[in-house]
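Take this structure first; my questions come after.
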Protein chains: 2
Amino acid sequence: MEAVQDLPPGTAPGLRTKSQLQRRRRILQAAAALASRGGVEAMQMRTVAERAGVALGTLYRYFPSKMDLVVAVVGEELDMLESSIARRPPAAATPDGRAVDVLMRATRGLMREPELADALIRALILADVELPFGDRMAGLLVRVAGLSDGRATEEQAVLAASLGAVWVQELLEMLRGRRTYEDIQRRIEIAASRLLAEFPASRVE
Amino acid sequence: MEAVQDLPPGTAPGLRTKSQLQRRRRILQAAAALASRGGVEAMQMRTVAERAGVALGTLYRYFPSKMDLVVAVVGEELDMLESSIARRPPAAATPDGRAVDVLMRATRGLMREPELADALIRALILADVELPFGDRMAGLLVRVAGLSDGRATEEQAVLAASLGAVWVQELLEMLRGRRTYEDIQRRIEIAASRLLAEFPASRVE
DNA sequence: ACACTTACTAGAATCCGTTCTAACTTCGGT
DNA sequence: ACCGAAGTTAGAACGGATTCTAGTAAGTGT
């Protein structure tokens, strides 16, 4: 479990023909479908390969490990979240409000496919992922909170990353059946109000 | 990967004879020793069983899965942390200072056995652990921060849990080689000052 | 002491990720 | 149209966690 993008990876260089792009697409699709019901364990490499109509060896050529496959699937989910946000940006007045908005939107998205979400999140935390989920989410939060107006302090980055960490942890708890959507919302709001509120101005308390 | 405490578990009921207690102890010791160098992969069930001088089947009777074994090992580490804190309580003046103190003490402890720490933390995140590492650490933080003087608000519990989540995430980053001890300290301080500072009084800024 | 339930042991067997092999295709250059 | 490199395939093979089996010891109640 190591590599990130691979030899014939996604949008990146290396994909020669259209059939390779399509193969990759079929693989990702099969993987997501399998994980959607049954979670990680249902997403077995043999099964993915079979369902995608490629040989096991080929699957491993595209994704050197199961983890790489998971990371790729997550990447696609994040793409969707980002474009969703671009389409309809969070409207809240405060930075922490906007951050909560984005996180809860992501939460709802993940809740639609709990098995998939579970598989993906756990796998990601485990992974030696080079393209960090956390960093990407933190960057998104910084942008969305509008904290980076000009100066993107280290402190702000840390705070955004912290909120991301809290969110991930809450998601895990939800997937373990120990939080409801409402729990998460409340808890994220509490954490966000502390972490992201701009103290001089808006205090949410 | 599910169960938590098992049939013949630790201090809990179920352990009939002394030899069983000793067996359990030998297993935990062997597991920790193996994980200390070589990490998760070195801690193979066959090897643990062999080194503990029990049959593979017996190991599985005591710990139904590798995860359960890991959880138990972590439990022991937490015991040690708690008694260390009881021995020498954090002295900082502010709640967030005390929390940082405890977290960094735990960090140093884990850093002494990076392979072990890596194995343990990852496994914990993965586990459907019923005896939540997070909750236990959060409780510890609440106590240590002295936030619960009389009233242990839900908000306080959430904030402590949040700080715990941030810490775990930072640890993971460290284990991936992306944070130094100093990084963690700085980042935890930033998060703690926001999450735990008592706003009316001490502002750390 | 005796019968019996429960724990333990050695080892085979199963499952799944990953690797390896040998033969077959596809593609780009000529 | 032909050649060699790179991509693909079916399937065997390997490694480690987990499960299963049959038989042997240990602890308990009478």
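Here the structure is a predicted model, which is why all the values come from computation and not from measurement.
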Rounded to whole Å, the CD-P distance (Q44(B) to dG16(D)) equals 5 Å
Rounded to whole Å, how long is the line connecting atom CG of D68(B) with atom C1' of dT18(D)?
12 Å
State whether R23(A) places a side-chain N or O below 4.0 Å from either non-bridging phosphate oxygen (OP1 or OP2) of dT8(D).
yes
Check for a donor-acceptor pair, side chain of R187(A) on one end and backbone N or O of V158(B) on the other, with a separation under 3.5 Å.
no
Rounded to whole Å, CD1 of I27(A) lies from P of dG7(D) at a distance of 14 Å
Between D183(A) and the options R186(A), R179(A), Q185(A), the side chain to side chain donor-acceptor pair (under 3.5 Å) test singles out R186(A)
To the nearest angstrom, the CG-C1' distance between L59(A) and dG11(D) comes to 15 Å
DNA chain C: 5'-proximal contact among M43(A) and G57(A) (nearest heavy atom):
M43(A)
Sub-3.5 Å donor-acceptor pair from the side chain of R194(A) to the main-chain atoms of S193(B), do we have one?
no
In terms of side-chain heavy atoms of Y60(B), which of dT18(C), dT19(D), dA7(C) is nearest?
dT19(D)
S19(B) or E41(B), whichever maps to the more 5' nucleotide of DNA chain D
E41(B)
Taking atom P of dG16(D) as reference, at what distance in whole Å does atom CE of M45(B) sit?
14 Å
Nearest to the side chain of R46(B) - dT18(D), dT9(C), dG7(D)?
dT18(D)
If the cut-off is 4.0 Å, is T58(A) near the phosphate of dT9(D), judged by side-chain N/O to OP1 or OP2?
yes
Atom CZ of R61(B) and atom P of dA7(C) are separated, to the nearest Å, by 5 Å
Any donor-acceptor pair under 3.5 Å linking the side-chain atoms of T58(B) with those of R23(B)?
no
Nucleotide nearest K66(B) when distance is taken to its side chain, options dA17(D), dG7(D), dC8(C):
dA17(D)
Atom CZ of R24(B) and atom C1' of dC8(C): how far apart are they, to the nearest Å?
17 Å
Identify every side-chain donor-acceptor pair in residues 71-82 of chain A under 3.5 Å, counting partners at least two apart or on other chains, and give the distances.
residue	atom	partner	partner atom	Å
D79(A)	OD1	R136(A)	NH2	2.6
E82(A)	OE1	R136(A)	NH2	3.4

Value in whole Å for how far the P atom of dA10(D) lies from CG of L56(A)
10 Å
